[in-house]
Amino acid sequence: MVELNSLRQFLVVARLEHLSRAADELRVAQPSLSRTIARLEAELGTPLFDRTGRLRLNDTGKLFRDHVERALGELDAGRRAVAEAADGGVGSVRLASETFLTLTGPLAAFKRAHPSVEVALHWAPSDDMARRLRAQDVDLCVASQPVHASGIDSTTLFEEPVGLGVALDHPLASRESVTVEDIADQPFVTAREGHWIRRLLDRLFAARGLTPKVVCETDEPTAIAELISAGLGVGLVPGFARHAPTRPPGAWIAVDSPDCRRTVTLYWSTDAHLSTAARLMRTTISDWDWSVTFRGAALS
């Protein structure tokens, strides 16, 4: 009989497609994890992974993964529903986002209004959000790039231009706007691949047959801002960051391209039971006055 722990371990291996990294994340020995996967395949009577070269989830494995995600998601949802009933019908809420800097206002307001509600925050790339919503691993997701999947509903929070951030003494600092061609040879400080800023940068350049010159990539938004301010490179900066009172000194220049924008969207699964807490959080975020955030946000 397949054990729940084996299924949870399988999902981690399926997501990472790498045994040693999965073992590190699960904090188990790699030989033990290998035996778990082999035992699961033996019970199912078919391989779940291709092992020629790099470990890859095969078509059967993908089919099984989808069913396991739904099954474990329903089990976890049942546990949360019981906990929700036991604590008076409010429950907890789990929110995933690419960045929480834009969400500090509504999150703080929610916590003030509902101090007893347990709030769990998870960083997640947009590519992983549909899977986590379907698996009921999180209740809500906020992304700066589209999340395409069936069974997911959404509401747009705000849309804004994305400009070019440069140091105050940069030759472009006095410009009101630039084209992508104007900055084709500039050194860029940006986020790692998968982050919305990096995807937007790559997309803008690729549309013109260009490749950005990336001199630094980091997951730390504050480091990106500081490096741009220090003159080590230029970078794409969301419009609301211009109003941040504590942001590093620098100039924000409009990019002359209708595609140089971002749309921030709130997502949730239409098939999952949302706790009262999750519904309250959804309302707080969707009804938030984002001009407040624009006046007090930091670079994200």
Side-chain angles (χ1 to χ4, degrees), residues 1-84 86 91-98 118-141 143 147-152 191-195 217-219 267-269 271-273 275 278:
M1 182 176 179
V2 178
E3 298 179 352
L4 289 178
N5 189 52
S6 297
L7 295 177
R8 297 188 189 279
Q9 291 186 351
F10 160 73
L11 288 181
V12 176
V13 179
R15 172 166 52 85
L16 297 177
E17 294 186 319
H18 198 286
L19 273 172
S20 62
R21 289 205 298 267
D24 289 341
E25 181 173 316
L26 291 164
R27 297 184 179 180
V28 299
Q30 182 175 332
S32 174
L33 182 59
S34 297
R35 288 193 295 271
T36 296
I37 298 301
R39 196 161 50 242
L40 181 59
E41 290 177 320
E43 291 186 34
L44 294 171
T46 184
L48 300 172
F49 296 88
D50 292 331
R51 293 172 170 81
T52 53
R54 179 183 169 183
L55 189 72
R56 295 283 190 182
L57 193 67
N58 61 30
D59 289 342
T60 303
K62 292 175 183 177
L63 178 66
F64 186 60
R65 175 201 60 194
D66 293 344
H67 283 279
V68 171
E69 285 180 342
R70 287 194 294 270
L72 293 183
E74 284 297 325
L75 178 60
D76 290 340
R79 289 171 174 164
R80 291 194 305 275
V82 170
E84 181 180 347
S92 59
V93 56
R94 301 155 304 158
L95 173 68
S97 181
E98 295 169 298
E118 180 182 342
V119 178
L121 303 178
H122 304 265
W123 179 86
S126 64
D127 286 348
D128 201 33
M129 288 183 178
R131 181 195 66 79
R132 298 191 74 168
L133 287 172
R134 286 197 305 267
Q136 301 187 50
D137 186 36
V138 295
D139 303 303
L140 307 168
C141 291
V147 174
H148 299 295
S150 60
I152 293 177
R192 297 183 188 274
E193 292 184 359
H195 190 282
E217 53 182 22
T218 175
D219 292 329
Y267 295 92
W268 62 92
S269 172
D271 299 326
H273 165 75
S275 66

Spell out, as yes or no, whether a donor-acceptor pair under 3.5 Å connects the side chain of [X] to the backbone of [Y].
X    : Y    : answer
S275 : S92  : yes
R15  : A22  : no
E98  : A143 : no

Minimal non-hydrogen separation, A191 against E217, with atom names
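So the minimum-distance heavy-atom pair works out to O-CB, 3.8 Å.
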Walk me through it: do L55 and V13 pass the test side chain to side chain contact (heavy atoms under 4.5 Å, CB included)?
CA-CA 9 Å; L55 189 72; V13 179; 3.8 Å; yes
[atom1]-[atom2] distance between [X] and [Y], expressed to the nearest 0.5 angstrom:
X   : Y   : atom1 : atom2 : value
L16 : L57 : CG    : CG    : 11.5 Å
Q9  : L19 : CD    : CG    : 10.5 Å
L7  : F64 : CG    : CZ    : 5.0 Å
R35 : S6  : CZ    : OG    : 12.0 Å
R39 : L44 : CZ    : CG    : 12.5 Å
R65 : L48 : CZ    : CG    : 11.5 Å

So D128 and W123, side chain to side chain contact (heavy atoms under 4.5 Å, CB included) or not? Walk me through it.
CA-CA 10 Å; D128 201 33; W123 179 86; over 6 Å; no
Between R21 and D24, does at least one N-O distance fall below 4.0 Å, as a salt bridge requires?
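A salt bridge is absent here (no side-chain N lies under 4.0 Å from a carboxylate O).
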Does the pair D50/R56 count as a salt bridge with the N-to-O cut at 4.0 Å?
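Not counted as a salt bridge, because no side-chain N and carboxylate O are separated by less than 4.0 Å.
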On the 0 to 90° scale, with breaks at 30° and 60°, tag the F10-F49 ring pair as parallel, tilted or perpendicular.
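It falls in the perpendicular class, over 60°.
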Determine whether V147 and C141 make a side-chain contact, defined as any pair of heavy atoms from C-beta on separated by less than 4.5 Å.
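Counting from C-beta outward, V147 and C141 never come under 4.5 Å.
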Side chains of V138 and L95: does their closest heavy-atom pair fall under 4.5 Å?
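No, too far: nothing below the 4.5 Å cut-off.
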